[in-house]
There are 2 protein chains.
Amino acid sequence: MDHPGPTTRIPDEPPRSARPQPGGPVRRPGGRSAEVRRRVLAAVRTHLVEHGYDALSVDAVADRSGVHRTTVYRRWRDVGGLLADVLAEATSDDWRPPDTGTLAGDLVAVNREVHAALTADPPVTTALIAASFRSAPAADALRTFWIDRYDRCAVIVARGVARGETPARTDPRRLLVAATAPLYHELLLLRTPADPHLADRAARDAATAARAGAFTD
Amino acid sequence: MDHPGPTTRIPDEPPRSARPQPGGPVRRPGGRSAEVRRRVLAAVRTHLVEHGYDALSVDAVADRSGVHRTTVYRRWRDVGGLLADVLAEATSDDWRPPDTGTLAGDLVAVNREVHAALTADPPVTTALIAASFRSAPAADALRTFWIDRYDRCAVIVARGVARGETPARTDPRRLLVAATAPLYHELLLLRTPADPHLADRAARDAATAARAGAFTD
DNA sequence: ATGCTATCGCTACTCCAGTCGCGTTAAGCA
DNA sequence: TGCTTAACGCGACTGGAGTAGCGATAGCAT
């Protein structure tokens with residue numbers, strides 16, 4: 001599943017105030033509004049890397065980005081809104097689930113992406129999930145994202161059915177949740193130290209279950 | 001797994017200030033300290049029922065319990081500490097995992113308890129989990145609780161092995177996490193509406209997986 | 001009954017999250 | 001080029017989370 005992961009690049013922070021250029025006005029693609037957004041989101045990512053989620057605040061982001069705190073409150077409402085926007089910026093509309101040729105392979109690939117997102121630096125995904133318990137914008141963004149991603153991944157199960165790897169009546173979402181839920185549970189709720197085999201094991205356990213007829217009524 | 005559930009009884013809130021009784025001093029079993037604790041924890045539960053987790057605060061609990069806010073901060077540190085103590089009060093040292101005669105039956109029984117806890121009123125468990133992202137006392141209490149409960153449930157898997165329902169090499173914790181994680185994932189992270197069949201399905205899916213040799217390396 | 005200690009209550013304080021009103025400025029359009 | 005509007009900056013404000021110091025009181029031991 002597509003989450004912001006370690007390959008998400010942090011763009012350089014632009015200068016605090018753009019200086020007039022020789023020969024013409026300062027160029028601001030997307031207008032002042034877009035530049036404000038770029039600076040603010042860059043500040044969120046940098047602050048997360050350096051200080052973690054607990055230290056993330058609207059004031060901290062405003063100070064680092066040079067955008068006034070009132071503007072940040074006005075546009076993003078709270079820390080959760082900031083994180084939701086960082087996620088929105090980082091995720092790709094054209095993301096597609098992996099296609100490795102086997103159900104287990106696809107689930108392993110998805111779980112590796114989820115694992116990478118949950119252990120990434122900056123910890124955007126874990127921060128957004130934590131924020132979702134306190135912030136409506138964060139909860140909304142997360143729900144929307146997950147609905148979309150679980151929908152897109154249904155094709156993994158359809159391929160499995162087509163290959164005869166799993167019964168035709170397999171509930172796709174139920175299987176996908178079974179594959180991914182242990183990662184979220186272990187890393188976010190139980191807070192167990194990251195186990196490099198966790199993602200693959202959970203995926204393979206789910207594939208074994210599917211083959212055996214689980215996830216069907 | 002033992003969570004405070006709908007059967008947890010809310011004791012009546014004692015009067016704000018105990019009045020001298022005819023013929024002798026006010027009786028305070030456990031001393032003033034114990035009475036303060038009873039009143040504070042009762043206030044936490046009542047406030048959760050009436051206003052939910054978002055409205056829970058140290059000041060609200062102090063007002064409702066008649067215990068000074070400084071005392072509440074001093075003893076419980078934050079809202080998470082309050083919720084951790086409510087959990088401690090409600091959980092039973094002698095809880096044992098269910099023993100229904102089958103692996104699937106045991107997992108279903110555990111999952112029903114987890115489901116009851118996650119959908120209970122007052123929502124102590126969900127509140128504590130939400131608070132654990134912000135409060136060290138809450139995170140510590142939850143971790144300790146879960147380590148204990150997953151350990152105690154290992155016997156469910158041992159019985160399954162003894163009955164020949166699952167291979168001898170089955171990893172107990174991995175199976176238990178696979179059975180319970182979808183409930184937490186759906187109800188707390190994905191926030192999907194409570195599905196009466198969720199608990200049973202997740203449990204049976206895990207039992208099917210175990211029978212098929214999942215959760216072994 | 002008295003003294004000591006742990007616990008609690010009280011008030012004032014700091015700091016931070018969040019908001020408001022108003023002026024400034026960027027940007028688009030006629 | 002000028003006007004209008006949207007977005008931003010600024011400073012002041014409110015309310016709530018959290019803390020500190022000190023006095024009062026409950027409870028226990030002598």
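Naming: A, B, ... by sequence-line order, numbering from 1 per chain.
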What pairs with A/Arg159 under salt bridge (Lys or Arg N to Asp or Glu O under 4.0 Å), at least two apart in sequence or on another chain? A/Asp99, A/Asp106
Nucleotide of C/dG9, C/dA17, C/dT7 approaching B/Arg75 most closely (side-chain heavy atoms): C/dT7
Looking for any heavy atom pair under 4.0 Å, which part of the strands does B/Val58 touch: base, sugar-phosphate only, or nothing? nothing
When rounded to whole Å, the CZ to P distance for the pair B/Arg77 and D/dA20 reads 12 Å
What N/O pairs connect the protein and nucleotides 21-25 of chain C at under 3.5 Å? Give each pair on its own line.
none

Can you tell me the distance, in whole Å, between the OH atom of B/Tyr73 and the P atom of D/dT19? 7 Å
Could you name each residue pair satisfying salt bridge (charged side-chain N to carboxylate O under 4.0 Å, His left out) that touches residues 185-194 of chain A, not counting sequence neighbours? A/Glu186-B/Arg173
Quick one: B/Arg37 CZ to C/dT7 P, roughly how many Å, whole number? 14 Å
Relative to the ring of A/Phe133, is the ring of B/Phe133 parallel (under 30°), tilted (30 to 60°) or perpendicular (over 60°)? parallel
Could you tell me how far apart B/Asp63 (CG) and D/dA17 (C1') are, to the nearest whole angstrom? 14 Å
How many Å lie between CG on A/Leu56 and P on C/dC16, as a whole number? 15 Å
Rounded to whole Å, CZ of B/Arg69 lies from P of D/dA17 at a distance of 8 Å
